[in-house]
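Below: one structure, written as structure tokens.
Per chain, numbering begins at 1; letters A, B, ... match sequence-line order. None of the values given here were measured: they were computed from a predicted structure.
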There are 2 protein chains.
Amino acid sequence: MTVLNSAAPAHVSPLKVTPASPLFLREDEIRRGIELLYFGYTAMIRGADAILEAQGLGRAHHRALYFVARRPGLSVGELIGLLGITKQSLGRVLNDLSGRALVEQKVGTSDRRQRLLFLTPSGAALEARLFTELERSMARAYGEAGQQAVTGFWAVLMGLVPPDGRAQVEALQGQG
Amino acid sequence: MTVLNSAAPAHVSPLKVTPASPLFLREDEIRRGIELLYFGYTAMIRGADAILEAQGLGRAHHRALYFVARRPGLSVGELIGLLGITKQSLGRVLNDLSGRALVEQKVGTSDRRQRLLFLTPSGAALEARLFTELERSMARAYGEAGQQAVTGFWAVLMGLVPPDGRAQVEALQGQG
DNA sequence: GCAGATAAGTCAACATGACTGTCCTTAATT
DNA sequence: AATTAAGGACAGTCATGTTGACTTATCTGC
């Protein structure tokens, strides 16, 4: 039961996918989703590893850089919330990043206890290089699968996020 | 631009998703995919952590158990290939699992150098409990998003896997 | 039959990135 | 003025990955 995806752009060879059956909650189809999510996620993040290693940084640094790039001026506490790690764990990462002058911290305006995080120019340059790697994988996958598939991809992933976490994800994407 | 997904089953409240725009390769839509993949993946695997912790096991043990359950009788080398880790890393995990009598190893039939991996009854019981947790997340997400979205979800994820790795993923799902 | 390749196991040392717990400073809230 | 909250720092631990080196058993090609 393999078909061609008619929504794929004409300039790329369309990706053959087995469509979900009407019984798409069967164990086999659940396992297919689990496995594709695992392999797809690891394939995407692996793309940036070489750049990170050349800088002496790890994936934890990448995640922090990513979110600071996405939401310049977010507070340490907000970043802890997004990453789901402890203050102590993030502390080491942030110390590495400020020691290398990739991230800087400014005192909060409305609440002076907060430290707001920003990328330095060199931090922004590194994040851009890392993003380009992720983008390459993601753009290829989007292109092969087609616009309609992308909507489905988002819908299932958003469904995986527990309802009380969805607002946080949407907020990240709200104003660009 | 938020619409209801008409493919969602009638018995659940349909998940609102922002559909991909015709310009679905813009940076914002790429970032949306990166973020949803990150949050969706971590949300799914987090579900099993409590069970694992109660057994004194970690996520590495879970991954090994999962693939042995999925492909009983696979060799150590095949499992190393699926997990993308070294023999030494897997060795420790496998020692833990056989020490707890969750996995057993049998000498290969066609090649007696190989050790083929199987779950014991208690290993199968544990894997089933862990799977139920993942399934709960995934089935909810499938149900909210609808059958058509699931096909798109699979297509994009398969597109993320580099072409030379796709056969391995398909093989895992080939004969059930 | 033998040489070399392959599958697997093991030991050691080390890196990364989490965790807990505790203590401290500073600033906001009440 | 007292309490709470945001953040930083130090210490110790754990889980999970890495290299590298060595061993054993078995298979394969000549």
query: Could you give the CD1-to-C1' distance, from B:Ile85 to D:dT19, as a whole number of Å?
result: 15 Å
task: Could you tell me whether A:Arg46 and A:Glu133 have a side-chain N and a carboxylate O separated by less than 4.0 Å?
output: no
- prompt: Nearest-Å distance, NE2 (B:His61) to P (D:dA15)?
  reply: 8 Å
field: Residue whose nearest DNA chain C nucleotide is more 5′ - A:Gly56 or B:Leu116
entry: B:Leu116
- request: Would you kindly compare A:Asn95 and A:Asp111 by the position of their nearest DNA chain D nucleotide and give the one closer to the 5′ end?
  value: A:Asp111
- prompt: Which part of the nucleic acid, if any, lies within contact of A:Gly91, taking any heavy atom under 4.0 Å across all strands shown: a base, the sugar-phosphate backbone alone, or nothing?
  reply: nothing
- prompt: Base, sugar-phosphate, or nothing for A:Gln105, non-hydrogen atoms under 4.0 angstrom?
  reply: sugar-phosphate
- line: Atom CZ of B:Arg113 and atom C1' of D:dC27 are separated, to the nearest Å, by 4 Å
field: Length of the CD-P vector between B:Gln114 and D:dC27, whole Å
entry: 10 Å
message: With a 4.0 Å cutoff (strictly under), does any side-chain N or O of B:Arg63 reach OP1 or OP2 of D:dG17?
response: yes
- prompt: For the pair made of CD in B:Gln88 and C1' in D:dA15, what is the distance, rounded to whole Å?
  reply: 17 Å
field: Salt-bridge present (B:Glu29, B:Arg26; N to O < 4.0 Å)
entry: yes
- request: On DNA chain C, reading 5' to 3', which nucleotide is the first and which the last to sit with an atom under 4.0 Å from a heavy atom of chain A, could you check?
  value: C:dG17 to C:dA28
statement: To the nearest angstrom, the CD1-C1' distance between A:Ile80 and D:dA6 comes to 9 Å
query: Passes side-chain contact (heavy atoms from CB on, under 4.5 Å), B:Arg115 versus B:Lys106? Steps please.
result: CA-CA 5 Å; B:Arg115 294 301 118 96; B:Lys106 296 180 183 168; over 6 Å; no
query: Within the structure shown, what part of the strands sits under 4.0 Å from B:Gly84 by heavy-atom distance: base, sugar-phosphate, or nothing?
result: sugar-phosphate
field: Pair B:Glu144 + B:Arg140: basic N to acidic O under 4.0 Å
entry: yes
- request: Scan side-chain atoms only and decide if A:Glu35 and B:Tyr66 contain a donor-acceptor pair under the 3.5 Å cut-off.
  value: yes
query: Under 4.0 Å between a Lys/Arg side-chain N and an Asp/Glu carboxylate O for B:Glu27 and B:Arg31?
result: yes
field: Residue closer to the 5' end of DNA chain C, A:Thr109 versus B:Val76 (nearest nucleotide)
entry: B:Val76
message: Can you measure B:Arg115 atom CZ to D:dC27 atom C1' for me and round it to whole angstrom units?
response: 13 Å
- prompt: What nucleic acid atoms does B:Arg92 come within less than 4.0 Å of, heavy atoms only: base, sugar-phosphate, or nothing?
  reply: base
task: Please state whether the rings of A:Phe67 and B:Phe39 are parallel, tilted or perpendicular, taking 30° and 60° as the class boundaries.
output: tilted
message: Could you tell me how far apart B:Arg59 (CZ) and D:dT16 (P) are, to the nearest whole angstrom?
response: 9 Å
